[in-house]
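Hydrogens, waters and symmetry mates are skipped; everything else that's a heavy atom, side chains included, is used. Along the sequence shown, residues carry numbers from 1. Whatever order the structure lists them in is the order used to number ligands and atoms, beginning at 1.
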Amino acid sequence: MVRYAALKGLYDLEKTIGSGGFAKVKLATHIATGEKVAIKIMDKISLGDDLPRVKLEVQALKTLLHQHICRLYQVIETDGHYFMVIEYCSGGELFDHIVEKNRLSETESRKFFRQIVSAVAYLHSLGYAHRDLKPENVLLDREENLKLIDFGLCAKPKNGIDSHLQTSCGSPTYAAPELILGKKYLGSEVDIWSMGVLLYALLCGFLPFDDNSIENLYRKILSGKYAEPSWLSTSSKRLIRAMLQIDPKKRITIQELCNHPWITAGFLNPVSFVHKTNFEKDDDVLSTMSAICGEHASDIWRKLVKSDRTDYRTATYLLLLDRKLRGLSLRISSSAKSHFKSEC
Ligand SMILES: Cn1cc(Br)cc1C(=O)Nc1[nH]nc2c1CN(C(=O)N[C@H](CN1CCCC1)c1ccccc1)C21CC1
């Protein structure tokens, strides 16, 4: 097991749960609380000119607080590496869940899709676009709730979500026609298209546009033609058509999506989200921490709010908050004392 000095005493690294181009993700234990976390380890040298993407992802994840977006707890930077300590989802990828079940029922698809729509509506309301929505970037937690990950490509255009983007990015299979044509596009509109592909994958168990050759794939996407299997209900066919509109101006908007009949069927209300960008003050968690840190809860809270929210103290607060929200006891090991001392 490779030892990283920067994690010593803070996190115990366990197995690797994912490895991509310039990063790998390892399961770890947050020592102070015993909670499982996922640590995304990026080697600065192999990152090369992709370094700005890390800053962009960190900035986005620090801002985004939503129950269906994977939470960032702590960021540790050393000369050679970035460590992003992120919420651990023990249910694996949505992609594997669909493959395992062949395809999902309309009811199960609707439960999952409402969670994705809520996360994306929240994202767009804060001026962000994900731009790489696909089943591999949607994870399941232990309660089978969805969590959005991989914000390395997300964009927050300086003059708001309604200003055009140009960089082509994301995976072509889920990419909107305007994006693969290299046209100027709106992040919000390409996210709607990708969610249409995602919904199709949930309901059908395969992709609307797929081909081994890239130019055939592009041709299929640009044609906007895809199979509508017999098991699709009229309402789901209507919704998918509204999302997979070639002309972005004809595509359903995120607001219309939240209220669409297919989305609200069987539910009392449209999809909504809480516009949260600051975590709430919790006195039980603060008093648990002050017992160890020997500081007043009010001082700990003041430092938490004032800090850049990516230190061990923040990680401990958020992980204790998660434990409380799950109805578990608030425990913290005295070994944390020394690490708080350094930050106190
Ligand atoms: C697959 N799996 C199975 C189990 Br059980 C748990 C998991 C799992 O990945 N859990 C998990 N929890 N939290 C995370 C993960 C994975 N993970 C990820 O961020 N995983 C992504 C996966 N991307 C999908 C397409 C390209 C890469 C990743 C990014 C860079 C390098 C490796 C992996 C986080 C940190 C946010």
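Nearest protein neighbour of atom 5 (Br) of ligand 1, counting heavy atoms only, is Ser90 O, 3.4 Å. At the shortest separation from atom 23 (N) of ligand 1 among protein heavy atoms lies Asp150 OD2, 2.7 Å. In terms of protein heavy atoms, atom 6 (C) of ligand 1 is closest to Cys89 O, 3.2 Å. Closest protein heavy atom to atom 32 (C) of ligand 1: Gly20 N, 3.4 Å. What sits closest to atom 2 (N) of ligand 1 on the protein, heavy atoms only, is Gly92 CA, 3.6 Å. Nearest non-hydrogen protein atom to atom 28 (C) of ligand 1 is Val25 CG2, 3.9 Å.
Shown in contact with Asn137 at under 4.0 Å from a heavy atom are these atoms of ligand 1, numbered in order with element: 23 (N), 24 (C), 25 (C). In the vicinity of Ser19, heavy-atom distances shorter than 4.0 Å reach the ligand 1 atoms 32 (C). Atoms of ligand 1 lying under 4.0 Å from at least one heavy atom of Gly18, given by number and element, are 32 (C). The atoms of ligand 1 that sit less than 4.0 Å from any heavy atom of Ala23 are 30 (C), 31 (C). Interface of Tyr88 with ligand 1, defined as ligand atoms under 4.0 Å from a residue heavy atom, comprises 5 (Br), 6 (C), 10 (N), 12 (N), 13 (N). For ligand 1, the atoms sitting less than 4.0 Å from at least one non-hydrogen atom of Ile149 are 18 (C), 19 (O), 20 (N), 21 (C), 22 (C), 36 (C), numbered in the order shown with element in parentheses.
We find that Lys147 and Glu87 are joined by a salt bridge, their nearest charged nitrogen and carboxylate oxygen being less than 4.0 Å apart. Salt bridge annotation for Glu35-Arg326: present, with a cationic side-chain nitrogen under 4.0 angstrom from a carboxylate oxygen. The pair Asp191-Arg251 fails the salt-bridge criterion, with no side-chain N (NZ, NE, NH1 or NH2) lying under 4.0 Å from an Asp/Glu carboxylate O.
The residue from Glu87, Lys147, Lys134, Arg71 that puts a heavy atom closest to atom 13 (N) of ligand 1 is Glu87. Considering each of Ile86, Leu139, Leu27, the one bringing a non-hydrogen atom nearest atom 14 (C) of ligand 1 is Leu139.
Ring geometry for Tyr122 versus His66: interplanar angle of 30 to 60°, hence tilted.
Both tests do not hold together for Arg110 against Phe267: distance to the six-membered ring centre under 6.0 Å, angle to the ring axis within 45°. In this structure, Lys44 forms a cation-pi arrangement with Tyr82, its terminal cationic atom sitting closer than 6.0 Å to the ring centre and no more than 45° off the ring axis.
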Candidate pair Trp193 and Tyr174, rule ring-ring contact (aromatic ring centres under 6.0 Å, His included), full reasoning: CA-CA 8 Å; Trp193 174 278; Tyr174 306 90; over 10 Å; no
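Partner Val120 forms a side-chain contact (heavy atoms from CB on, under 4.5 Å) with one of Val271, Leu257, Leu198, Ile254 and no other, that one being Ile254.
With hydrogens and angles ignored, the 3.5 Å screen pairs a side-chain donor or acceptor of His130 with a backbone N or O of Asp132. Proximity of a side-chain donor or acceptor of Thr253 to a complementary backbone N or O of Glu256 within less than 3.5 Å is detected.
Here Ala38 has side-chain heavy atoms under 4.0 Å from ligand 1, and that is the only part of it that gets that close.
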